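This is a predicted model, so every value here is computed, not measured. Counting convention: from 1, in listed order, for ligands and their atoms alike.
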Amino acid sequence: MKAARIVKPKEPLQIEDLPVPRPRGKQVLVRVLASGVCHSDLHLWEGGYAGPRDMFMRVEDRGVRFPLTPGHEVAGIVEEVGDEVVNTGKGEKVLVYPWIGDGACPACTVGEENLCDRPRSLGIFQDGGYAEYILVPSERYLIKIDGQEPEQVASLACSGLTAYTALKNSSIRAQEFLVIVGAGGLGLIGVQIARAIAGSTIAVIDLDDKRLEEARRLGADHIINSSRSDPVKEVKDLTNGLGADAVIDFVNSSKTVAKDLDMLRKRGRLVLVGLFGGSTELNLALMPLRAYRIIGSYTGKYADLVELVALARRGMIRSVIGKRFRLEEVNDALTQLKEGKIMGRAVLNP
Ligand SMILES: [Zn+2]
Ligand SMILES: [Zn+2]
């Protein structure tokens with residue numbers, strides 16, 4: 001089978017011809033129909049993240065090994081199952097839950113495998129979906145998607161689930177004022193999910209008018225271009241000088257977070273999601289005086305992905321598909337994503 005692999009960070013991905021894996025025991029082999037191209041794939045490709053004071057946090061120090069087939073937003077069709085698989089059969093359309101853990105740590109035992117102490121996520125710590133086939137360790141990581149478009153549901157496994165979990169972590173309620181920072185793939189799906197589950201007022205901040213218009217079309221009540229106006233002042237003006245009840249930052253850079261804290265109301269929640277990286281200075285006395293909460297949010301659990309797929313089935317959220325690429329065009333896809341040329345999601349169709 002063909003697989004697009006990172007052999008070495010920063011070098012072009014290579015299309016390799018690998019043997020098709022044979023599923024054994026509980027394993028399921030899925031033929032990939034759609035594989036989302038995610039920003040975190042760029043971090044894998046670059047070999048790490050920006051840390052504080054220009055430090056670089058290498059993915060290899062977090063347990064990533066190359067060569068690696070990336071791809072953690074995978075929808076496809078079951079090709080073959082191991083002899084211990086009971087409820088899944090050849091030909092079924094499925095979405096793959098990629099945030100696999102060891103099944104044994106405290107997080108895994110409460111169903112939060114995405115926060116496992118020894119993560120084994122597909123497309124990060126083991127081979128993922130930039131390939132014609134993907135081997136999934138167990139059918140309990142599959143969600144049936146009969147009647148739903150593989151391209152539409154693929155990105156729910158990462159950007160959709162991440163946005164959904166961030167919304168839950170923000171504890172946002174109807175009547176409250178929510179700010180979403182960043183109208184990329186995550187932010188645009190975040191707006192729709194906020195519309196579907198929260199009923200709050202939504203303001204979206206970005207630097208790009210096109211993205212902001214898309215956010216408005218998908219349900220944002222207010223859009224703010226932070227290259228032209230001060231987002232803190234805009235949010236204060238919209239909230240009678242009080243500030244936002246919650247800010248979800250899908251960028252999460254030194255620049256955005258400094259503003260986030262200034263636009264929060266007392267008792268406000270700041271949910272940090274993006275992996276842009278950097279560092280920030282905290283006004284420590286203000287933390288207790290204004291009773292802020294800062295919450296880190298990373299992907300989401302299997303049970304929430306099941307809920308999200310159900311929301312999508314009812315038409316309440318739709319992924320914005322930006323561009324489609326063949327597997328051979330993978331380097332082009334990643335480069336365009338890096339340069340910000342893709343609005344919505346880039347999808348590989350192996
Ligand atoms: Zn992702
Ligand atoms: Zn675990």
Side-chain angles (χ1 to χ4, degrees), residues 4 6 13 32 34-46 48-49 59 62-64 68-75 95-131 134 137-138 140-141 151-166 182 184-190 193 248-252 272-277 296-305 308-309 319-323 325 330 333-334 336-338 340 342 344-348:
I6 303 173
L13 276 74
V32 179
S35 195
V37 180
C38 174
H39 259 107
S40 55
D41 297 334
L42 286 178
H43 292 293
L44 282 173
W45 191 27
E46 284 160 1
Y49 306 85
V59 292
R62 291 178 57 231
V64 173
L68 171 77
T69 307
H72 52 267
E73 302 184 348
V74 188
L95 173 65
V96 178
Y97 175 82
W99 312 108
I100 293 174
D102 62 358
C105 77
C108 286
T109 51
V110 295
E112 296 185 354
E113 291 200 37
N114 55 309
L115 301 177
C116 178
D117 289 329
R118 287 167 293 272
R120 297 171 181 177
S121 315
L122 299 172
I124 296 171
F125 299 106
Q126 31 181 336
D127 285 340
Y130 283 19
I134 182 173
S138 161
R140 69 192 184 88
Y141 299 120
E151 279 189 354
Q152 274 295 323
V153 295
S155 68
L156 295 180
C158 178
S159 57
L161 182 59
T162 299
Y164 191 51
T165 305
L186 275 168
L188 291 178
I189 204 154
I193 295 171
I248 301 178
D249 194 333
F250 289 118
V251 180
N252 191 17
L272 300 180
V273 186
L275 293 169
F276 190 95
S297 191
Y298 179 71
T299 67
K301 57 186 178 181
Y302 176 85
D304 281 343
L305 185 56
L308 192 59
V309 169
S319 308
V320 181
I321 306 295
K323 267 183 191 171
F325 297 87
V330 64
L334 285 165
Q336 289 193 30
L337 182 69
K338 187 177 175 177
I342 298 172
R345 215 53 169 171
V347 177
L348 295 175

Distance-only polar pair, side chains of Tyr302 and Asn114, donor-acceptor under 3.5 Å | no
Could you tell me whether the side chain of Ser35 and the main chain of Gly129 form a donor-acceptor pair under 3.5 Å?
-> yes
Counting only N and O atoms by type, is there a donor-acceptor contact under 3.5 Å from the side chain of Thr165 to the main-chain atoms of Thr299?
-> yes
Atoms listed for the Zn ion (ligand 2) (protein only, N, O or S, under 2.8 Å, no waters) are Asp102 OD1, Cys105 SG, Cys108 SG, Cys116 SG
Neighbour count above 12 (heavy atom, 6.0 Å) for Phe276 CZ | no
Would you call Glu113 and Arg118 a salt bridge, taking side-chain N to carboxylate O under 4.0 Å as the test?
-> no
Are the charged groups of Arg345 and Glu151 less than 4.0 angstrom apart, N to O?
-> no
Short check: any N/O/S atom of Cys38 below 2.8 Å from the Zn ion (ligand 1)?
-> yes
Among the N, O or S atoms that His72 has, which is closest to the Zn ion (ligand 1)?
-> NE2
Parallel, tilted or perpendicular: which describes the rings of Trp99 and Tyr298, with under 30° parallel and over 60° perpendicular?
-> perpendicular
